[in-house]
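Note sheet for the following structure.
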2 protein chains.
Amino acid sequence: MEAVKKQDVRTRQRLLESACQVFAEKGYRDATIADISELAGTNVAAVNYHFGDKEALYVESWRLAFHKSLEAYPPDGGISPNAPPEERFRGRVFAVMQRFAYSKNYEFEIMSKELANPTGLLAEVIRESIEPLRQEFGRIIRELLGTRASEKQIQFCQMSVMAQCTNVMLHERNRKLFDQAGIKTGLPFENFNVETMADHVTRFSLAGLREIRRLIEAGELTDQNTDSPENSEMRY
Amino acid sequence: MEAVKKQDVRTRQRLLESACQVFAEKGYRDATIADISELAGTNVAAVNYHFGDKEALYVESWRLAFHKSLEAYPPDGGISPNAPPEERFRGRVFAVMQRFAYSKNYEFEIMSKELANPTGLLAEVIRESIEPLRQEFGRIIRELLGTRASEKQIQFCQMSVMAQCTNVMLHERNRKLFDQAGIKTGLPFENFNVETMADHVTRFSLAGLREIRRLIEAGELTDQNTDSPENSEMRY
DNA sequence: GTATATTTTAAATGAGCATTTAAAATATAC
DNA sequence: GTATATTTTAAATGCTCATTTAAAATATAC
């Protein structure tokens with residue numbers, strides 16, 4: 001049970017890598033153990049032997065996918081911590097988009113499927129993985145917004161930036177799907193290029209951040225303004 | 001076969017409305033015909049009798065959800081076509097976010113699940129539904145970017161704005177899920193408010209658009225800059 | 001009111017799938 | 001080399017689910 005032997009590790013590892021790929025392509029529910037073990041060249045029972053069940057395999061797959069992705073593209077984008085915040089900002093945006101863009105990094109596909117259609121199985125482990133990155137990025141945004149920005153204002157802005165990074169990728173993937181299905185989309189990005197997109201998102205967002213900062217410092221944007229009053233209708 | 005009688009319409013309608021709800025909650029694959037027909041108070045065979053199969057019901061559900069959503073929140077946000085583009089912009093952003101925010105509009109949940117994990121069944125019908133809105137919004141962005149903006153630049157900016165609208169909602173939904181699961185998120189939006197969020201997205205984005213316009217008009221942003229060169233790695 | 005067409009129902013069918021089982025194969029310990 | 005522990009395998013199990021069937025119920029036409 002405890003002792004992990006060589007051969008063991010090898011099948012376990014193959015299984016895990018296949019699982020990342022299949023979960024990324026199909027999502028938890030549509031991925032079958034048969035798919036995964038066929039791709040890994042093992043028997044279906046191997047999954048249950050090595051991981052217990054499909055759920056545990058899913059969680060382990062996320063961990064591996066995230067780990068590999070982060071290893072391939074360090075989150076600071078290679079920018080020195082002493083660089084001006086605008087540059088560190090661009091580094092982060094670029095790194096996120098690379099992590100999401102390269103299809104062998106299954107991080108993005110697994111996560112976006114999970115977020116849209118949650119199984120609940122990854123809630124904790126995704127949060128654990130991502131929270132440190134979120135904090136680091138938040139600190140850069142704080143610098144850009146100035147000392148008078150509230151926590152909530154920082155989080156709103158962070159959301160605006162990250163939203164662009166993820167949606168670019170969803171967009172791009174779906175354009176590919178539409179193309180394959182022979183549907184004319186009128187959508188952009190025919191020659192998709194991560195660097196170009198990162199530049200756009202950076203330019204657009206830095207301008208947004210400067211404006212929010214200006215408003216805060218001109219006193220035209222109190223926290224109340226960005227905070228929620230009790231008036232308009234709530235969701236649910 | 002052809003003639004549609006009264007009682008017929010009623011069960012058909014109940015089935016359709018239940019289907020919207022269940023597909024929105026669970027996505028295509030996890031929604032079962034048993035779920036749907038139970039909610040509608042009909043027999044499971046009724047689905048096949050009235051719609052043929054689950055796939056056709058899914059497509060019809062999207063149509064209904066989208067139609068109702070648009071009816072409840074007109075896409076221009078009630079802003080006159082003669083208003084300045086900034087106001088029309090805000091109207092659109094607000095309308096989109098309302099459509100997405102109110103949970104009885106199943107549009108958002110069905111669409112975001114479909115986009116993250118495509119069945120392919122909605123590709124055409126979603127595009128058909130959304131394309132006119134996309135065009136109208138594109139025209140507003142064109143006004144804001146000025147006459148020298150390229151089509152690609154407009155589409156990039158449009159993506160940046162829509163990305164924020166959709167991600168706010170995903171974010172919010174998942175915060176609720178995390179809360180329910182008792183997981184501390186550190187995520188924002190404790191008192192979620194559509195108007196506040198629409199204001200933020202509008203402010204942030206209008207600043208981004210002004211900056212892109214400035215760069216275009218200063219000649220610092222040729223279409224080449226925003227277009228894709230052949231250098232860096234492509235996805236897939 | 002009777003005959004015909006439509007709609008609803010309960011039960012059956014059969015496919016897909018995660019998981020289990022127990023035997024066979026392989027590695028490890030001594 | 002033999003005994004023991006680990007790993008792999010093919011087949012079986014049992015559950016969920018979409019879809020079908022054919023009989024019963026209900027509506028419509030005349």
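Below, read A as the first sequence line, B as the second, and so on, with proteins coming before strands; counting in each chain starts at 1.
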Between [options], which nucleotide has the shortest distance from any of its atoms to the side chain of [X]?
X	options	answer
Thr42(B)	dT9(C), dC17(D), dT6(D)	dT9(C)
His50(A)	dT19(D), dT8(D), dT8(C)	dT8(D)
Thr32(A)	dT9(C), dC17(C), dT20(C)	dC17(C)
Ala45(B)	dT6(C), dT9(C), dA18(D)	dT9(C)
Lys54(B)	dT8(D), dT6(C), dA18(D)	dA18(D)

Partner of [N] by Watson-Crick or G-U wobble geometry, both contacts under 3.5 Å, or none?
N	value
dT26(D)	dA5(C)
dT21(D)	dA10(C)
dC17(C)	dG14(D)

- Check for a donor-acceptor pair, side chain of Asp76(A) on one end and backbone N or O of Gly78(A) on the other, with a separation under 3.5 Å.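 Judged by distance alone, yes, a pair lies under 3.5 Å.
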- Task: Identify, between Asn48(A) and Gly41(B), the residue whose nearest nucleotide on DNA chain C lies closer to the 5' end.
- Result: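 First, find each residue's nearest nucleotide; the 5'-ward one identifies Gly41(B).
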- Item | dT8(D) OP1/OP2 closer than 4.0 Å to side-chain N/O of Asn43(A) |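 Checking dT8(D) against Asn43(A), no side-chain N or O comes under 4.0 Å of OP1 or OP2.
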- Query: Taking OP1 and OP2 of dT7(D), is either one under 4.0 Å from a side-chain nitrogen or oxygen of Thr11(A)?
  - Reply: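 Looking at the OP1 and OP2 atoms of dT7(D), neither is under 4.0 Å from any side-chain N or O of Thr11(A).
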- Query: Just by distance, with hydrogens left out, do Glu131(B) and Gln135(B) show a side-chain donor and acceptor under 3.5 Å apart?
  - Reply: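 Per modelled atom types, Glu131(B) and Gln135(B) side chains form a pair under 3.5 Å.
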- Presence of salt bridge, Glu17(A) and Arg14(A), under 4.0 angstrom: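 Here Arg14(A) does not pair with Glu17(A) in a salt bridge, since their nearest N and O are not under 4.0 Å apart.
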Between [atom2] of [N] and [atom1] of [X], the distance in whole Å:
X	N	atom1	atom2	value
Leu15(B)	dT9(C)	CG	C1'	14 Å
Tyr49(A)	dT21(C)	OH	P	15 Å
Lys26(B)	dT16(D)	NZ	P	13 Å
Gln13(A)	dT7(D)	CD	C1'	17 Å
Asp53(A)	dT20(C)	CG	P	8 Å
Ile33(B)	dT16(D)	CD1	C1'	13 Å
Arg12(A)	dT7(D)	CZ	P	11 Å
Phe51(A)	dT19(C)	CZ	C1'	16 Å

- Task: May I have the step-by-step check of side-chain hydrogen bond (donor to acceptor under 3.5 Å, both in side chains) for Tyr58(A) and Glu114(A), ending in yes or no?
- Result: CA-CA 11 Å; Tyr58(A) 185 51; Glu114(A) 174 66 23; 2.6 Å; yes
- Flag the pair Leu57(B) / Ile33(B) as yes when at least one side-chain heavy-atom distance between them is below 4.5 Å, and no otherwise.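 Leu57(B) does not reach Ile33(B) side chain to side chain.
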